[in-house]
Amino acid sequence: MKEALLFAIVFRQLNGKTVISAYPDMSECVLSPKQLRINDLMKAANHQVKTIMADEMLRNEAQLRLNVTRNKLYTSPIREFFKNAKDRQENSEGFSIS
């Protein structure tokens with residue numbers, strides 16, 4: 001379990017003890033091209049799902065298409081978006097990069 005308090009300190013449970021540490025500085029973290037691509041895909045997926053959730057007609061269509069309950073209506077379209085993106089990549093390159 002990890003909790004952040006105003007992004008200044010972090011409380012962690014390690015071996016049954018509570019440890020307080022500084023929030024990690026990730027400013028110098030360099031992402032790989034694959035990580036950057038996944039971050040861009042996730043940003044696009046979130047934008048698409050927020051558009052779907054904002055429109056009642058699109059929300060109902062997605063719920064019927066994906067055959068999910070209302071509480072799963074955020075994660076299922078994101079899963080579908082990633083699956084479609086992977087299929088498009090496989091079709092355009094001829095092979096899969098996992």
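Values reported hereafter were calculated over all heavy atoms of this structure, with side chains retained and with hydrogens, waters and symmetry mates removed. When a residue number appears, it is its place in the shown sequence, counting from 1.
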Carefully, step by step, assess Q63 and K72 under the rule side chain to side chain contact (heavy atoms under 4.5 Å, CB included). CA-CA 9 Å; Q63 191 172 1; K72 304 234 185 221; over 6 Å; no
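- Residues R37 and K34 meet the side-chain proximity criterion, which asks for heavy atoms closer than 4.5 Å.
- S21 and R12 make their closest contact through OG-NE, 3.6 Å (heavy atoms, listed as atom of the first residue, atom of the second, distance).
- By the side-chain contact (heavy atoms from CB on, under 4.5 Å) test, T51 pairs with H47, sequence neighbours left out.
- Residue I20 holds its CD1 atom at 4.5 Å from CZ of F11, rounded to the nearest 0.5 Å.
- Surrounding CG of N71 are more than 12 heavy atoms belonging to other residues, nucleotides or ligands, all under 6.0 Å away.
- Atom CG in D87 sits 10.5 Å away from atom CD in E80 (nearest 0.5 Å).
- Taken to the nearest 0.5 Å, the CE atom of M26 stands 8.0 Å off from the CG atom of L31.
- Other members of the cluster containing L73 are I38, L41, M42, V49, M53, L66, V68, Y74, I78, F81, F82, with ILVMFWY side chains joined at under 4.5 Å, either directly or via other members.
- The side-chain hydrogen bond (donor to acceptor under 3.5 Å, both in side chains) analysis of residues 52-62, with sequence neighbours excluded, yields no pairs.
- For the atom pair CG of N84 and CD of Q48, the computed distance is 8.5 Å after rounding to the nearest 0.5 Å.
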